[in-house]
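Note on naming: letters A, B, ... go to the chains in the order of the sequence lines (proteins, then strands), and numbering restarts at 1 for each one.
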Amino acid sequence: MEILSSSGLLTGLNSEQLTAVTWPAQPALVLAGAGSGKTRVLTTRIAWLLQTGQASVHSILAVTFTNKAAKEMQLRLSALLPVSVRAMWLGTFHGLCHRFLRLHYQEAGLPKTFQILDMGDQLSVIKRMLKQLNISDEIIAPRSLQGFINAQKENGLRASQLSARDPHERQMIECYAAYDSLCQNEGVVDFAELMLRSYQILQNNDVLRSHYQNRFNHVLIDEFQDTNKLQYAWLKLLAGKQAAFFAVGDDDQSIYRFRGAEVANMTRFLHEFNVSEPIRLEQNYRSVGNILTAANAVIAHNASRLGKNLRTEAGTGEKIRVLQAINDIEEAQFVVDEVKALHREGLDYIQMAILYRSNAQSRVLEQALFRAGIPYKIYGGLRFYERQEIKNALAYLRLAVNPDDDNALLRIINVPTRGIGARSIENIQAAANEANTSLWQAATNLAAKNSKIAAFVRLIENLQLQATQISLPEIMAAAIYDSGLMEYYRTQKGEQQERINNLEELLNAAVAFKPQESGFEFDSDYDPNDPLFAVLSFLSTASLEAGEHQAGQGEDALQLMTVHAAKGLEFDGVFLTGLEEGLFPSEYSMAERDGLEEERRLMYVAITRARKRLYLTMAEQRLLHGQTHFALPSRFVDEIPEAVLQYLSAHKNSLIARQQSTQRTNPFHSRSKLAETQASQDFDGFQLGQNVHHERFGTGVIIDATHKAEGARLTINFGKQGIKELDTVFAKDKLTIIS
DNA sequence: TATATATATAGCAAT
DNA sequence: TATATATATA
């Protein structure tokens, strides 16, 4: 073991990890369980390849899904070895494709200043296009078209490669084609287009393809289970015949099917690369035994798995605490009380997280935390770069560098209001259609006749000029102040201080921005001293890292996020909230094929975030979208062995272990008084929120009811049996009220 | 043309 | 709940 002793790199690795890290230059699939040291394996392998001279920084392609993960790897790598990480192609799929397209914009048929559409931008382009084509929302819903287009692109398919099975689908495909040509005219690309465009260039351009295939001899991919068809194809194309394809993933943590991820890529990989057996990392360094028992038990309910069982050398630890609250407010209060108690015992807030299935659930928690004066930080939700004032300010900049961006123009032509109303905009659009030009071009033509349009044109022309002359922060300031945007928010009534602060924050971000660190590759075409270079990098970073902007980092604050956002993170204490049927698993998932398995994997991810202490909480009643919902505890809680659970009840801030129920199926059969009074309207002898038993469907809860001419119609959630609608006229004697 | 108010309508996870 | 659209009125 010469290498071992000569280098500190490999010390401390267990034998599974060592096998993975020092795997020869051959394809490998590493099946890495949660908390098994996956990131460590990846970074150590890269360092080892570099140190032993098997690879150079130029010959490595390393891909992650989030910017956070990419930065983490950069950081750890530079701690291991003094390498120039910037020269390495290490980044997210979208970040690397963006870099590629900026480098090869000519081959890609894109303008040098092309801009990126985020989901919101994409939706407005689609709406605008549908209006232009005179297609109403009822015939094609903008959101469904958006989903359709993205799904096709993620499968690597252009409109021309699709065939329709019915007239509606034919229209969707026509819209897809129209959308693509609109984007092309306006010089904008959406997220999926970044990938597809890069892929197609590599596929069609022999020179470029062989250049990159010769260059990369090691291709490493993290979170492989979340790759979609196109991403996998892109990786294979870049790897070529001779590169070593090193894939790390966990099929049990595949939670992005809704955006095209295919777990099947893992088995496909094994087959296509002739890998007989994956390398399994099953030693968990994160959680105590009880938590792992729960995670293993839950995930065992899934049928399609590669198979893996986590083990730990830590003790069993505490039991997992379970609480069912009367409603969402009480649930939040319980969490707050527990957080306070744990903090008093010496646990830092930053070591605790509250997780939930959907962002809408954060509100109640936030209020309770705010009242209690606990510092907290929310991830996700409305991100910094998605706020309207930020998007408005950036739209000025986008228009300045790329005047064909109609979306940007429409966004701010009358923000702040400058007398260009709906009528004037229609005129501009008509003129643009007539002459087949961009809106900007049409506006400049109309400026002679309309003084208000003329003023707007002058404003933008001035910004355009500045974009070639002055520095990024100065241009940003011009976009915010000269446009009148800041003044607009200052004089608007209502609480606009937040928006003003955000605009100032945006200015700070522009001052602090370092284009060299933005993952932009230097090319002879770009002069790093050219302000345009900085503006383009800044705008792209804003689109690609919309969520990463974080104020007050390093502060001791409780972490709030969705389970999706929590993937890859770990905390000493985790509160998993809203564990109710219909919410988690979500009701949408139940209608989809294999939807439940995906939700279960999500549950698995959630459980395995916790190191020492885990709480599972749920509410009998909660307010969602302004309506009261009733639900049973999530089936996933039932899937955890009772031996590792401890049921609690919340009473005046003190916890009393609830008498353990002998009924395995429903430990929560006592109903609260409050819930009853709030749902006391009578429906032929039944009430909302009541637990009932049906001879065929088992135990369920009444979630909705309507009066009928005779009797009433009840909507009952029977958990595993699904949601059923029953008429009391027929079903009355089959139903017994049990609470 | 700009603004205020009323009413309908869809609603999950995120690079 | 948030957002879009319609309608009224200055």
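A/Glu587 has its CD atom 15 Å from the P atom of B/dA10, to the nearest Å. If you take CZ of A/Arg143 and C1' of B/dC12, they are 11 Å apart, rounded to a whole angstrom. Regarding A/Tyr385, its OH atom lies at a distance of 14 Å from the P atom of B/dT15, rounded to whole Å. Taking atom CD on A/Glu598 and atom P on B/dA14, their separation rounds to 13 Å, with Å as the unit. We find that CG of A/Leu569 is positioned 12 Å from P of B/dA14, with the value rounded to whole Å. B/dA10 atom P lies 16 Å from atom CD of A/Gln146, rounded to whole Å. Atom CD of A/Gln367 and atom P of C/dT1 are 10 Å apart (whole Å). Protein atom CG of A/Leu623 is 14 Å distant from nucleotide atom C1' of B/dG11, rounded to whole Å.
Taking the side chain as every heavy atom from C-beta outward, A/Arg357 and A/Glu599 approach each other to under 4.5 Å. The closest side-chain heavy-atom distance from A/Gln122 to A/Asn150 is below 4.5 Å.
For A/Arg423, counting side-chain heavy atoms from C-beta on, the closest listed nucleotide (B/dT1, B/dC12, B/dA2) is B/dT1. Among the nucleotides B/dA14, B/dC12, B/dA2, the one closest to any side-chain atom of A/Asn359 is B/dA14. Here the side chain of A/Phe258 is nearest to one of B/dC12, C/dA2, B/dA13, namely B/dA13. Listed nucleotides: B/dA14, B/dC12, C/dA2. Nearest to the side chain of A/Arg363: C/dA2. For A/Arg259, whose side chain is taken as the heavy atoms from C-beta onward, the closest listed nucleotide among B/dA13, B/dT1, B/dT15 is B/dT15. The side chain of A/Lys127 approaches C/dA4 more closely than any other nucleotide in the set B/dT15, B/dA14, C/dA4. Here the nucleotide nearest the side chain of A/Asn414, chosen from B/dT15, B/dC12, B/dA2, is B/dA2. The side chain of A/His94 has B/dT15 as its nearest neighbour among B/dT1, B/dT15, B/dA13.
Across all strands shown, A/Ser589 has no heavy atoms under 4.0 Å from either base or sugar-phosphate atoms. Within 4.0 Å of A/Tyr588, counting heavy atoms only, lies at least one base atom of the nucleic acid. Within 4.0 Å (heavy atoms only), A/Ile420 reaches sugar-phosphate atoms of the nucleic acid but no base atom. No contact: A/Phe93 has no heavy atom under 4.0 Å from any strand.
Screening A/Phe258, A/Tyr379, A/Phe65, A/Phe584 against A/His564 for a ring pair (Phe, Tyr, Trp, His ring centres under 6.0 Å) leaves a single residue, A/Phe258.
Nearer the 5' end of DNA chain B, as judged by each residue's closest nucleotide, is the contact made by A/Arg418, out of A/Tyr256 and A/Arg418. The residue among A/Ser424 and A/Phe65 whose nearest nucleotide of DNA chain B is located toward the 5' end is A/Ser424.
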query = Which dot-bracket string fits DNA chain C when only Watson-Crick or G-U wobble pairs with both atom distances under 3.5 Å count, crossing pairs get [ ], and | stands for a partner on a different strand?
reply = ||||||||||

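Within the 3.5 Å criterion, the main-chain N or O of A/Met119 finds a donor-acceptor partner in the side chain of A/Gln146. In terms of modelled atom types and a separation under 3.5 Å, the side chain of A/Ser586 and the main chain of A/Gly582 share no donor-acceptor contact. In this structure, A/Asn327 contributes its side chain and A/Arg622 its backbone to no donor-acceptor pair below 3.5 Å. Using a distance-only test at 3.5 Å, with no hydrogens or angles considered, a donor-acceptor pair links the side chain of A/Arg609 to the main chain of A/Leu569.
With 3.5 Å as the limit, one finds a donor-acceptor pair spanning the side chains of A/Ser304 and A/Glu597.
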